[in-house]
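Quick note on labels: first sequence line is chain A, next is B, and so on, each numbered from 1.
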There are 4 protein chains.
Amino acid sequence: MAQKLTTDEKILNAFSKLLEENGYTETTTKKIAQAAGVNESTLFRHFKDKEQLVKELVQKYMSDIDTANAGFIASGDIVSDLMQVAEIYNQFVETHKALFLIGMRDSFQFPKLKEMIIQLPMKLKKILISRMTEMKRSGEINELVNVDITAANYITLILGHALIQNIYTGTGLDISQTDFVQKNVRNFAEYLK
Amino acid sequence: MAQKLTTDEKILNAFSKLLEENGYTETTTKKIAQAAGVNESTLFRHFKDKEQLVKELVQKYMSDIDTANAGFIASGDIVSDLMQVAEIYNQFVETHKALFLIGMRDSFQFPKLKEMIIQLPMKLKKILISRMTEMKRSGEINELVNVDITAANYITLILGHALIQNIYTGTGLDISQTDFVQKNVRNFAEYLK
Amino acid sequence: MAQKLTTDEKILNAFSKLLEENGYTETTTKKIAQAAGVNESTLFRHFKDKEQLVKELVQKYMSDIDTANAGFIASGDIVSDLMQVAEIYNQFVETHKALFLIGMRDSFQFPKLKEMIIQLPMKLKKILISRMTEMKRSGEINELVNVDITAANYITLILGHALIQNIYTGTGLDISQTDFVQKNVRNFAEYLK
Amino acid sequence: MAQKLTTDEKILNAFSKLLEENGYTETTTKKIAQAAGVNESTLFRHFKDKEQLVKELVQKYMSDIDTANAGFIASGDIVSDLMQVAEIYNQFVETHKALFLIGMRDSFQFPKLKEMIIQLPMKLKKILISRMTEMKRSGEINELVNVDITAANYITLILGHALIQNIYTGTGLDISQTDFVQKNVRNFAEYLK
DNA sequence: AATGAATGAGCTTTCATTCAT
DNA sequence: TATGAATGAAAGCTCATTCAT
């Protein structure tokens, strides 16, 4: 049973979609309004200004990461566990592409925005650290492993891949997640044993 | 003894700097001219377009990558060879940060920009492929390795890292090149043996 | 009782006036806005383009010509009929001076403008041809007359006069419509009998 | 034996050609210099400013009209004499198209320019009046004819035609000079007998 | 005498945002 | 609550013209 979208949602959805496709600057308020099927000035009645739209998105997505993380079920095997994390995170990036892209492309213009965006990987890092510490305790990974560096390292790996994928789609540089995970994440995991 | 900069160079330098700081759209021709200390119309006398400025940068950097690549000296050991490549590329990215950032942030909005920017990683890929094919012949790497995919894979790895470094500098997510290369590139290389 | 002008009308009026005085290129959007008493950007909200302004004028005048033409009442005498046409058209040119001048001056530089402007005389030609064909049937004019050429010929005559009048007003070259019609149109008509 | 063109001539020729094709405003100093094969600033060394170029053209053409007029040889028959005048003048307009067009299109913006351009038809009018007065004396034309009005009338006729031809070339409104002269000038002449 | 480099004023157009209804 | 009309600022770019060599 399809819910009727509120005006807020219509605007936010349109914004997110355009953001992903065209970046922040190119996403004009006129285009947003058009895509949302509302008047341009309605947009300003609902959101103080263009920046507010981003803030709203960030907030919305911040809560999603907790949900995503809750979906993780430890298997006891480091390789499959890390691959599961990669899978979850990759899908999260895919789902929230718009925000990640804006984080890369436009956050420079908006220092505040950068602060907000950075919270996503930071939150993931925290989660990873706690998981790895757990795995260390259970002997799943070697006790000599520096958990902090390794977590950062791992995030760099999968986030870097997700980004590159999005940037270089259809250029011959893109490489399927399967291939990438198979080779790199597996290697990475093995190394921790 | 300090060389006097030509107007071309002054403009290009100012452009590159602003590009890095603010992105393509935000880098207005007026600001470029101001930063370069020339009149705005002088800019258009020297470079037909704003786009032309990017083309010029790309061309300039394209030749730099050849120089950088020429500095590579094969050691016969796959691990140290790939690490050497990583080192070279990472430094290249650092040096030409402006272009890589624009490649990520703005090429979406401007298909023409994308075409230009994509040439850089593609060139690196070509170089890598020829190197790996060579290594395959010499038995340095396993003959079952799919050179094309592996090259893309490797670029994703180090380019991804370079990107994340630039984006998340000073956020606790940044991880030194040494650490990253030590762990990931080494793993990667081992796998090819 | 004075009607309040809509913004559209204010802009179009200002445009028409400036066009007549200064030509298309010299009539800048800033000047138009100023003369109309609106902001320059308002102009672009109302008319997509500077070109659109011309299109609008043409359309407006195209309908006027129909009205003018509807006022024609055939007398059965070729001489007075053609003179009536001359009268109607001359007044039409006078009223819509702006467009005719732009047709002459600027359409060269802007092929698109030319296409639009040419519609006016072409429409008149059509009207003339149908009238003459009618007159031919009724025996008012000789059946050997080539209607197409004669129509073009006639338009050249009265349009040419109208142009010269507008260009060379007050130079001693201007000759009243009465005199011109008396001599030339009358001759022309006689010849068709 | 081909004369080497002076820089002055090269510039003036290029200007005249571009003027005819594109009108005054569209004929930029850059294009003129390019077409003349000289540096843009050379142009300003030779001619104080853009307006000066027009003045120069006018002066040059003013002397040509005397030459053209000198070519007239009275036949004693009013019809063929006026047709001869039409022929001469029409060719003159054709040859100096650039100036006539600028006279129509751009003189509005430059009152000074208008003054200059108007001299051409005025001079023709003078010539015509003296010729007609002569014809009147010789009985070639009726002594009741108002020479002043008739001269203006005649100029309107052939100048109007020449203009229309140039404006509406290739639009179905253009009518060959032969046809026009055959019908209108002949009529005109007959009427003077 | 001729050039190449530089300039400031101006162009058309789009932007995010506000106001009155 | 939502709209349509209006706005000032700023964008990329071109113009005629001047200056130093």
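- Counting any heavy atom pair closer than 4.0 Å across all strands shown, D:Thr28 reaches sugar-phosphate atoms only and no base atom.
- Between the side chain of C:Lys50 and the main chain of C:Thr27, a donor-acceptor pair closer than 3.5 Å is present.
- Distances were taken from every side-chain heavy atom of A:Asn39 (C-beta onward) to each of F:dG12, F:dT3, F:dT17; the shortest belongs to F:dT3.
- One can place NZ of C:Lys30 at 12 Å from P of F:dG8, the figure rounded to the nearest angstrom.
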Point to revise | Audit row: B:Lys55, B:Gln59, side chain to side chain contact (heavy atoms under 4.5 Å, CB included) steps and yes/no | key: CA-CA 6 Å; B:Lys55 282 186 198 153; B:Gln59 208 154 26; 5.9 Å; no
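- Residue C:Ile11 contributes atom CD1, which lies 15 Å from atom C1' of E:dT12 at whole-angstrom precision.
- In this structure, CZ of D:Phe44 is placed 17 Å from P of E:dA1, rounded to the nearest angstrom.
- Rounding to whole angstrom units, NZ of residue D:Lys50 and C1' of E:dG10 are separated by 14 Å.
- Between B:Glu56 and B:Lys60 there is no side-chain heavy-atom pair separated by less than 4.5 Å.
- Put simply, the side chain of D:Leu43 does not reach to within 4.5 Å of the side chain of D:Phe15, judged on heavy atoms.
- Donor-acceptor pairing under 3.5 Å, judged by distance alone, is absent between the side chain of B:Thr29 and the base of F:dG12.
- In this structure, the side chains of C:Leu19 and C:Leu53 stay at 4.5 Å or more apart for every pair of heavy atoms.
- Nearest nucleotide to the B:Thr7 side chain, out of F:dA16, E:dA6, E:dA16: E:dA6.
- Using a 4.5 Å cut-off on side-chain heavy atoms (C-beta onward), A:Glu51 and A:Tyr24 make contact.
- Atom CD of C:Glu40 is separated from atom P of F:dT7 by 12 Å (rounded to the nearest Å).
- Of the residues near DNA chain E, C:Arg45 and B:His46, the one whose nearest nucleotide (by heavy atom distance) lies more toward the 5' end is B:His46.
- In this structure, the CG atom of A:Leu43 is 11 Å from the P atom of F:dT3, given to the nearest Å.
- With distances taken from any side-chain atom of C:Val38 to the nucleotides E:dA6, F:dT7, E:dT17, the minimum falls on F:dT7.
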Practice item. Would you write the dot-bracket representation of DNA chain F, where each base gets (, ), [, ], | or . depending on whether it forms a Watson-Crick or G-U pair under 3.5 Å and with which partner? Key: .||||||||||||||||||||
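- Residue contacts shown for B:Ser41 include a base, since a base heavy atom lies under 4.0 Å away.
- Going from atom CG of B:Leu5 over to atom P of E:dA5 covers 16 Å, rounded to whole Å.
- The side-chain heavy atoms of C:Phe44 and C:Thr29, taken from C-beta on, include a pair separated by under 4.5 Å.
- In terms of position along DNA chain E, the nucleotide closest to D:Gly37 lies nearer the 5' end than the nucleotide closest to the other residue of the pair A:Lys48 and D:Gly37.
- Phosphate proximity of E:dA5 to B:Thr42: absent, as no side-chain N or O sits under 4.0 Å from OP1 or OP2.
- In this structure, C:Glu51 places its CD atom 15 Å from C1' of E:dC11, rounding to the nearest Å.
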